[in-house]
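Only one structure is covered here, and it is reproduced in the block below.
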Amino acid sequence: MADYLLSIMTFFPLLGILVLLFLPRDNGGLLKGFTLAVSLITFAISLPLAFDNVFTTSGGMHYREFYQWINIGDFFQMNYNLGVDGISLWLVMLTTFIVPITVLSTWNAVDKNIKGFMAMLLLLETGMLGAFVSLDLFLFYIFWELMLIPMYFLIGIWGGQNRIYAAVKFFIYTAVGSLLMLVAIIFVYYFAVQSGAPMNGFGIQELYKLDLPYNAQFWLFLAFGFSFAIKVPMFPLHTWLPDAHTEAPTAGSVILAAVLLKMGTYGYVRFAMPLFPEALPTFIPFLAFLSVVGIIYGSLVAMMQDDIKKLVAYSSVAHLGFVMLGVFSLNLQGLAGGMIQMINHGISTGALFLIVGFLYERRHTRLITEFGGVATKMPIFATIFMIVTFSSIGLPGTNGFVGEFLALMGAFQSSLRWYAVFATTGVILAAVYMLWVYQRVMFGKVTNPKNENLKDLSVREIIIMLPLLLFIFWIGIFPNTFFSKMNPAMEQMLIQMGANPVAVVEPATSETHAPAHSATPATQADGHK
Amino acid sequence: MYSNLWLIPFFPLVGAIFNGLFGKKIKNEAAIGGIATGLMFLSFLVATQNLFKLIGDTEKVHELVMASWINVGNFQLNWEFLLDPLSAVMIMVVTGVGTLIHLYSIGYMHGEEGYYRFFSYMNLFAFAMLMLVLGGNALVMFIGWEGVGLCSYLLIGYYYEKKSASTAANKAFIVNRVGDFGFLCGLLTLFWALADKGVWTLNFVKIAESGHLLESGGLLITVVTLCFFLGATGKSAQIPLFTWLPDAMEGPTPVSALIHAATMVTAGVYMIARMNGLFAMAPATMMTIAIVGGLTAFFAATIGLAQNDIKRVLAYSTVSQLGYMFLAMGVGAFSAGIFHLMTHAFFKACLFLGSGSVIHGLHHAYHHAHLHDDPQDMRNMGGLRKKMPITFITFLVSTIAISGIPLFSGFFSKDEILWWSFGSTRGHWMLWVLGAAAAGMTAFYMFRLVFMTFFGEQKTAARAKDHIPESPFTITIPLMVLGFFAVVGGYIGVPKILGGVNRFDAFLAPVFEQAQHLNEIHAHGTHATEYTLMAISVAIAIVGIFTAWVMYIKNPELPGQFVAKFASAHKVIFNKWYIDELYDFLFVNPCKKIGTFLWRGIDVKIVDGVVNGCAWVVKGIGTGLRYTQSGYLYNYAVAMVIGAVVIVGYFIF
Amino acid sequence: MEAILFYLTATVAILSAFFVTKCRNPVNSALNLVTTFLCLAVFYVMLESPFMAAIQIMVYAGAIMVLIVFVIMLLNLGLTVKTRYSHGLATSGFLSALVLLITTYMVRAGEATGIGGDVTSEVISSYGHTELIGKAMFVDFLLPFEIASILLLVAIVGAVILSKREV
Amino acid sequence: MITVNHYMLLSAILFSIGTFGVLTRKNAIVIFMCIEVMLNSVNLTFIAVSRHVGNMDGQIFVFFVMTVAAAEAAVGLALMIAFFRNSDSIDVDDFNMLKW
Amino acid sequence: MENLVQEAIQNVNLQAIMPSLVLCVFGMVLLMVSVFSKRGSTTHVAWLSIVALVVTGFVSLSGWNNPQAGFAGSVLLDNFATFFSMICLVAAGLTILMSDDYLRREGFPVSEYYPLILFTTAGAMWMASGTDLMTIFLGLEVLSVSLYVLAGFFRTQTRSNEAGLKYFFLGAFSTGFLLYGVALLYAVTGTTKIDGIAAYVQANPASAMNTMFIAGGLLLLVGFLFKIAAAPFHMWTPDVYQGAPTPITAFMSAGPKAAAFAALMRVTIVGLEGLQSELTALFWVLAVLTMTVGNFIALSQKDLKRMLAYSSISHAGYAMVGLVAWNEIGLSAILFYMLVYTFMNMGAFAVLILIGKKGEDNLTLDGIAGLGYKKPILGVVLTIFLFSLMGLPPTAGFIGKFYIFSGAIKAGYIWLAVLGVLNSAVSLYYYLRVMVQMYFKDPEEDFSWVTINVPTAISIIISVVGVLYLGIVPGSVIQLAKLAGF
């Protein structure tokens with residue numbers, strides 16, 4: 001089981017689709033229940049990863065799976081090359097964790113073509129998981145593109161008024177970036193082949209060891225970075241996001257926010273930065289600048305939105321700015337902050353989208369002006385919304401704070417100090433837009449008669465939110481659960497990025513270095529089996 | 001030894017969670033209030049026990065590590081508590097005053113919707129505040145720091161159906177966040193600065209130990225401390241971030257007493273005191289703090305002169321008194337500042353609760369008479385001393401205390417601050433002037449308040465006049481206790497010059513002495529000077545009281561004439577120097593405008609415009625090219641010939 | 001002598017080719033085309049390829065032209081000459097001039113370097129052109145020849161299908 | 001002395017004239033005839049070059065070009081007739097149902 | 001005379017032409033059969049021609065890894081030719097499968113249709129296997145003449161007439177250029193054999209500078225570029241594709257195009273190696289131009305057949321990238337790409353055939369609104385084909401593009417690859433629009449006329465399987481393409 005864990009996990013949803021196709025199309029409950037079961041089983045399959053202590057000691061790849069897939073001699077080789085390390089671990093967990101929640105959230109929201117919807121959700125899950133566990137650039141690219149398709153349909157078929165525009169925009173926007181990345185991937189491969197470096201298909205671990213000339217790294221980083229920047233999205237490549245989020249059905253928005261955006265940031269951490277470390281210093285000021293602009297810009301624009309969902313969408317731009325800033329600070333604190341902020345954003349913004357979804361299901365509008373005084377009618381909802389709001393603001397004790405703080409801390413310790421100062425203003429702005437919207441929606445008297453009969457959250461809806469709330473506090477209070485498994489991998493990654501992870505002072509941390517180095521030959525051996 | 005320290009914040013947390021989750025089910029108000037108050041009292045008991053233990057202990061600084069929190073590389077952060085004399089004083093104030101206010105609330109909040117919610121928030125606040133003061137490192141402190149902001153937000157917005165309440169709540173939180181921005185910047189810069197020297201820590205004790213690694217008076221330390229100070233101004237309502245506090249009076253009165261008088265707003269003072277070692281190393285910052293504190297004391301007092309809302313007067317008074325504390329911090333009188341913090345907690349809480357009692361009574365009366373007059377407007381009051389004797393007496397006592405009349409607690413603390421501001425190595429006589437002027441005004445407007453409320457004719461509408469009751473015991477008992485402390489609270493810190501031993505100073509000495517010593521901060525001057533200054537300040541206070549008596553008792557037409565004469569000045573003061581409007585003009589409106597511009601202008605038009613423009617151009621080119629496909633054979637043949645000619649021609653020529 | 005014949009015939013060929021493009025009446029064009037074909041036949045003779053000259057006349061001038069004229073007559077096009085029978089004169093003229101420029105330049109600048117084959121005038125006169133053609137066709141180019149038969153088959157079938165009246 | 005270049009030049013001229021005709025004429029049959037002119041010019045080149053080179057390949061090629069011309073003529077004229085039946089015209093400007 | 005016959009027989013190598021021979025024999029037999037069969041009954045001819053194609057397929061495959069030359073160097077049946085022959089056979093097979101019902105629906109059940117397709121395929125095979133320009137030329141003509149007929153096959157429909165005529169005129173016109181090119185090459189090298197030309201240039205490097213040689217080579221290419229519909233010789237494509245009977249459109253976009261690529265590749269790579277630098281520059285420009293023109297114009301198309309026509313132009317552009325690369329990967333990628341393209345494009349056309357009404361006026365974007373709901377299976381397969389055409393994994397189209405661009409990048413043509421992928425990004429838009437109509441719009445019609453007949457269904461299934469198989473486990477076929485490449 002453990003040997004094939006990643007494959008089973010990745011393709012289990014696909015298996016689910018096969019069964020799903022033969023279920024009667026009219027029985028919505030059965031379809032949803034089945035999908036929920038599939039996603040829960042997938043989650044269960046992935047659970048051993050979260051409890052595996054091997055990640056705390058070694059930053060290398062674990063749960064490796066390696067098969068030759070396409071091998072055309074001197075043309076190219078692609079391998080089915082899976083593995084997971086501390087960096088992808090929690091993103092995998094986040095994915096398997098969030099999908100059942102989204103399935104639950106569709107219970108009343110989706111009534112059109114349920115079978116298709118569920119199939120798309122499961123397909124999306126396979127795509128996301130595959131992208132996180134791929135160690136072969138080619139395989140990664142396939143999963144990366146595979147995610148696009150179900151998301152396109154989710155937005156386009158089950159979306160709102162302007163869904164077609166949003167879906168097509170989403171698709172083409174992201175595809176432009178990823179196609180350029182494809183060129184870069186191919187280039188790296190042939191460069192490596194021609195340089196005679198030991199290769200293992202498009203395996204990134206071998207590609208990490210490449211010594212590309214600066215000029216090539218520059219362009220390659222540009223291509224990779226561009227693609228990932230669109231996905232993140234970084235200013236000014238973000239305009240697909242508000243549209244996609246606003247039009248997508250709740251489940252789509254949640255997954256988009258929680259996982260799909262992480263593909264971009266993950267891509268930076270896993271591919272763009274460690275593969276092209278020499279180009280990194282050239283780009284970092286620029287990218288950090290964009291991140292900071294994203295934080296401030298996203299916040300200011302979010303502030304003035306009249307559609308709650310759009311507001312949350314723009315807030316994502318700001319949040320991911322923190323992630324990127326942390327990652328670009330190239331030290332352990334910043335990277336850890338960025339990584340945990342990815343999870344946080346997934347949880348908090350996912351929860352916000354669910355919350356907007358709850359409102360939308362009840363009132364079929366998301367305009368802030370349509371609401372007001374909802375707190376009187378929906379006290380439980382108000383409480384949950386409040387907690388999530390503060391998590392999103394980054395109140396200490398909630399998850400948001402840990403991520404933001406570490407990201408900023410990392411940035412302050414790096415050359416990005418001045419950027420970080422400006423980024424910190426995002427802390428103020430986040431409070432401004434979130435509290436303002438909260439006030440306008442929840443507080444005040446019920447002025448709109450349509451809000452008189454709002455029902456508070458149902459048990460199902462509370463169940464959806466509870467796990468998210470749990471993690472909001474868990475990460476806020478015991479983030480070490482996560483850091484302990486991320487640290488070794490992050491250190492190794494930072495070394496790969498050409499950065500000194502920490503000025504090693506205490507002997508305690510130098511111990512964790514040792515396995516990081518020794519893991520390298522082990523993985524090399526894996527590659528040639 | 002001090003391993004039960006965690007219980008102090010833990011009890012209120014339990015109360016908060018319990019009431020928050022199950023309060024709605026419990027219909028019994030007494031049970032809800034009782035649980036909350038009881039848990040606060042338990043916490044108070046533990047705090048007292050620890051205080052006495054600490055007093056008896058020779059080792060004055062104790063850390064308690066609970067668990068590891070964030071552990072990333074060299075950055076290792078724990079959940080840890082710190083008990084030293086400073087935090088001991090703070091926990092006593094918080095739990096003590098907190099318990100009383102909880103008790104008070106049981107009666108005061110009677111019949112309110114969301115009773116459980118109120119107590120849950122109050123307990124949560126107590127928890128946060130205790131985390132703030134007990135936090136062993138800057139981040140645990142920051143949890144409390146933001147936590148009190150959150151609770152303040154929740155409690156100000158308690159009447160969330162009122163627009164003004166929720167707006168005030170937002171304002172409070174957001175302005176606090178501006179301060180937090182400073183705090184975070186300071187913290188992160190400090191961390192980096194220390195990490196640069198090889199010390200990876202946010203632990204207060206370690207920071208204090210390694211503060212000397214930084215250049216004293218250098219740019220770095222100045223920036224760090226200024227950032228921290230910005231944080232403090234936010235939390236403690238100093239210039240320029242004081243505007244939220246008067247608005248915060250939208251919350252229920254116990255909230256004002258607890259949060260916006262006794263505890264939360266003093267967090268900034270506490271924080272500076274906590275980091276005194278760093279601040280002492282940055283004279284420029286210290287001077288800034290002193291000036292800002294002095295100015296705040298002065299300006300808030302001027303605004304207080306003209307307000308008619310009973311709670312707003314108290315709010316400006318609070319701002320003004322906080323200004324004193326900052327003045328103290330700025331001139332290096334750390335223990336004096338903390339001393340004033342404590343005495344202020346007693347008398348200001350008492351004042352707020354007293355005003356709450358008045359409001360409660362009037363509200364009751366209006367309710368009875370079906371009137372909708374504003375129960376907080378002093379112009380509707382008057383002559384209440386007979387109706388509410390206990391309230392009146394405790395209120396009067398506290399007013400005397402705040403005015404700085406000798407033998408009352410406020411006198412000792414305020415006077416020590418004034419003395420330091422004059423005589424400290426970091427002081428200046430102008431600071432003293434500011435402080436003294438503020439003291440005079442304080443005496444004036446506080447007595448104006450007393451006179452308007454309790455003396456003279458009853459101006460309450462006739463129907464309600466006779467229905468003003470004295471408040472119930474749950475309200476008056478806390479009043480009496482606090483009134484008692486407002487009188488005697490000062491005696492633990494009687495200065496040497498008045499024959500005391502200043503036990504308070506001595507108790508806090510381990511925290512501040514080293515920094516004061518290292519940076520040569522001490523007050524110097526002859527006893528004569530000190531006596532003179534003391535006399536002057538007392539005189540000023542008495543003049544203030546007398547003026548108030550003249551204007552509001554003896555000759556009630558005078559204020560009207562006065563206002564008429566200085567109409568414009570009064571208008572400025574009445575409208576709080578137009579600070580709110582200024583901020584709206586400077587920050588709020590531009591932000592909104594920029595936001596709208598960024599969205600409608602940049603985002604939609606330019607950024608998205610470029611994207612859609614690309615699509616449009618591509619499509620346009622496509623449509624254009626499409627018309628080359630004319631359907632006429634001739635054109636196709638021409639294209640082919642052109643193609644062939646160009647291809648062949650290019651390569652053969 | 002040869003030169004005179006060449007230039008004379010060339011002039012005629014060019015003129016008649018030009019008239020193919022210029023005559024309003026398609027029948028006239030067709031007749032001019034026949035003239036061109038005949039001129040080319042003359043050249044073929046000059047180039048010692050009598051067999052080619054013969055089939056030029058038979059296949060081209062005979063069969064194909066007859067077919068064309070037949071169709072012209074069938075469609076009665078001779079009488080339905082429109083007022084504007086040509087268009088794009090400027091563009092076409094310019095382009096054709098360019099084509100002319102390029103082709104002539106190419107011929108003049110380039111060089112027909114392929115020489116040294118074994119078929120010389122002597123060989124032709126001793127074997128006879130027809131035999132040489134036959135030999136080349138059935139020995140060296142048998143396959144193309146067979147393909148040509150398929151081509152003709154396809155053309156016949158196609159023509160039949162396309163011009164049938166009913167399905 | 002008439003060299004192969006003379007023939008090739010002549011062929012080039014004829015080729016251009018053919019092109020000109022294809023480009024200018026509207027009548028489909030005339031266009032077809034102009035294409036025949038082009039093919040014939042190529043034939044001339046082939047035969048001239050064939051003699052110049054001294055092998056028979058070019059001549060054979062001409063032979064096949066003629067075959068092709070015949071086949072195309074058959075099919076092309078059949079198409080024209082079919083078109084004419086439907087739209088009563090073989091003006092190429094009337095081939096404009098399909099465009100853009 | 002005896003001698004001559006002997007000599008002639010020596011040159012004959014039937015094995016080298018066996019597949020096309022089988023096909024032609026079958027074609028002629030089928031012509032006879034159609035003469036004697038009842039009017040309007042074509043099904044048996046269709047199935048017989050399928051049999052013919054299968055038999056030919058086996059015959060072809062038996063020649064794998066067993067190169068056969070013959071007819072005095074006129075033909076070489078090597079792996080390259082076999083691979084392309086297989087593509088053409090597949091294309092022809094799929095065409096025939098989707099034709100039968102279609103012809104009946106459109107009221108043209110004429111059984112000569114099938115032999116013509118077989119002859120076309122035979123012509124395509126000669127193009128792929130010809131090593132003498134004469135063979136290639138005649139193969140091309142067999143192919144073209146049949147296609148002229150097939151394009152204008154619906155002789156009572158003006159649209160079909162027009163398509164046939166346009167194709168005919170432009171085809172004949174381009175033949176003129178091609179022949180002129182051959183003549184010039186012949187003038188310079190004295191031979192029409194491809195390897196002869198190459199050998200001559202090798203021996204006389206100076207002739208690569210000979211304007212006649214350059215012009216001849218380029219004019220020859222013009223003829224082929226016309227067939228593969230490369231810009232600016234592409235302009236016939238949309239009109240002809242739109243007007244021709246849909247199965248023929250599908251066929252033209254796959255089989256003959258592949259054959260033209262085969263000829264083009266053999267001529268350029270083997271024969272015109274001396275012009276490599278010029279030709280790569282030319283192909284570079286033309287590839288970009290072709291894909292850009294195709295994609296950009298397709299954006300504003302409403303008619304699905306016409307849109308796919310433009311898309312096929314752009315795909316020709318992608319395939320040309322492999323020629324620019326001029327290396328083993330790029331060239332074998334063309335083989336692979338043409339195979340992939342056959343499956344995905346013909347599959348898409350097959351779906352269109354099924355959903356078309358008589359006359360096919362409903363094959364517009366608006367006409368397929370809500371198709372995905374009314375006919376879910378057709379919707380899904382069309383979606384798969386469209387994703388493949390877009391080049392998204394895990395479909396064959398992705399692998400094809402990857403393979404092609406790999407060649408270009410390996411050869412250092414990074415900007416070409418970038419322009420290529422940007423182009424395919426543009427192309428996403430119009431493919432997505434089809435899906436938008438299918439899934440994001442509510443159905444306006446009930447598509448009740450759509451009946452799924454077995455042969456077309458088989459062709460769709462084959463295409464889907466092909467697209468997915470080549471998309472997920474393409475290794476073995478890429479291996480074959482590698483062996484087949486030069």
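Note that this is a predicted model, so its numbers are computed, not measured. Throughout, protein chains are lettered first and strands after them, A, B, ... in sequence-line order, and every chain is numbered starting at 1.
Contact between C:T21 and D:C34 at its shortest, heavy atoms only, is CG2-SG, 3.9 Å. Considering every non-hydrogen atom in both C:A13 and D:L14, the closest pair reads O-CD2, 3.9 Å. The heavy-atom pair separating D:A71 from C:L152 by the smallest distance is CB-CD2, 4.2 Å. Heavy-atom minimum distance, C:L162 versus D:A78: CB-CB, 3.8 Å. The minimum heavy-atom distance between D:A74 and C:A159, with the atom names listed, is O-CB, 4.0 Å. The two residues D:F63 and C:M52 make their nearest non-hydrogen contact at N-CE, 3.8 Å.
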Atom pairs and distances, side-chain donor-acceptor, residues 127-148 of chain C, under 3.5 Å, sequence neighbours left out:
from: C:H129; atom 1: ND1; to: C:F51; atom 2: N; distance (Å): 3.1
from: C:H129; atom 1: NE2; to: D:Q59; atom 2: OE1; distance (Å): 2.5

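The structure places CG of C:L47 at 7.0 Å from CG of D:L44, a figure rounded to the nearest 0.5 Å. In this structure, OG on D:S16 lies 9.5 Å from CD1 on C:I102, to the nearest 0.5 angstrom. Atom-to-atom distance recorded for D:N5:CG and C:E111:CD is 8.0 Å, nearest 0.5 angstrom. If you take CG on C:L33 and CG on D:N40, they are separated by 7.0 Å, rounding to the nearest 0.5 Å. Atom CG of C:L40 and atom CD1 of D:I47 lie 8.5 Å apart (nearest 0.5 Å). Here the straight-line distance linking atom CG of C:L75 with atom CG of D:D88 works out to 9.5 Å at 0.5 Å rounding.
Interface summary for chain C: among D:M56, D:H6, D:R25, the most heavy-atom pairs under 4.5 angstrom belong to D:R25. By number of non-hydrogen pairs under 4.5 angstrom with chain D, the leading residue of C:I68, C:L101, C:V157 is C:I68. In terms of non-hydrogen atom pairs under 4.5 Å with chain D, the most contact-rich of C:L98, C:T120, C:T104, C:V154 is C:T104. Chain D forms the most heavy-atom pairs under 4.5 Å with one residue out of C:A30, C:A63, C:G158, and that residue is C:A30. In terms of non-hydrogen atom pairs under 4.5 Å with chain C, the most contact-rich of D:I81, D:L79, D:I17 is D:I17. Counting heavy-atom pairs closer than 4.5 Å to chain C, the top-ranked of the candidates D:A70, D:G76, D:G18, D:A82 is D:A70. Chosen from D:V68, D:L9, D:V37, the residue pairing most often with chain C at heavy-atom distances under 4.5 Å is D:L9. For the set C:Y60, C:F70, C:F18, the entry with the most heavy-atom pairs within less than 4.5 Å of chain D is C:Y60. Among the candidates D:D57, D:I31, D:V92, D:V22, the residue making the largest number of heavy-atom pairs closer than 4.5 Å to chain C is D:D57. Interface summary for chain C: among D:T19, D:V4, D:I60, D:V75, the most heavy-atom pairs under 4.5 angstrom belong to D:I60.
Looking at C:M65, only its side chain comes within 4.5 Å of chain D, counting heavy atoms on both sides. Using a 4.5 Å cut-off between heavy atoms, C:T91 makes no contact with chain D at all. At a 4.5 Å heavy-atom cutoff, the contact between D:F32 and chain C is made by side-chain atoms alone. Proximity to chain D involves both the backbone and the side chain of C:L89, based on heavy atoms less than 4.5 angstrom apart. Heavy-atom distances place the side chain of C:I124, and not its backbone, under 4.5 Å from chain D. C:I64 touches chain D through its side chain: at least one heavy atom from C-beta onward sits under 4.5 Å away, while N, CA, C and O do not. Looking at C:I55, the atoms closer than 4.5 Å to chain D (heavy atoms on both sides) sit in the backbone and in the side chain alike. Within the 4.5 angstrom heavy-atom criterion, only side-chain atoms of D:F64, from C-beta onward, approach chain C. Looking at D:F15, the atoms closer than 4.5 Å to chain C (heavy atoms on both sides) all sit in the side chain, from C-beta outward.
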> Between D:I2 and C:Y7, is a side-chain contact (heavy atoms from CB on, under 4.5 Å) present by the stated rule, with each step listed?
Replying inline: CA-CA 9 Å; D:I2 303 299; C:Y7 286 116; 4.3 Å; yes

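Counted by atom type alone, D:N43 and C:Q56 present zero donor-acceptor pairs between their side chains at under 3.5 Å.
The backbone N or O of C:M46 sits nowhere less than 3.5 Å from a side-chain atom of D:R51 that would complete a donor-acceptor pair. With C:H87 contributing its side chain and D:K26 its backbone, the two residues share no donor-acceptor pair below 3.5 Å.
The closest side-chain heavy-atom distance from D:F20 to C:L95 is not below 4.5 Å.
Taking D:T67 as the reference, nothing meets the side-chain hydrogen bond (donor to acceptor under 3.5 Å, both in side chains) condition, with sequence neighbours excluded.
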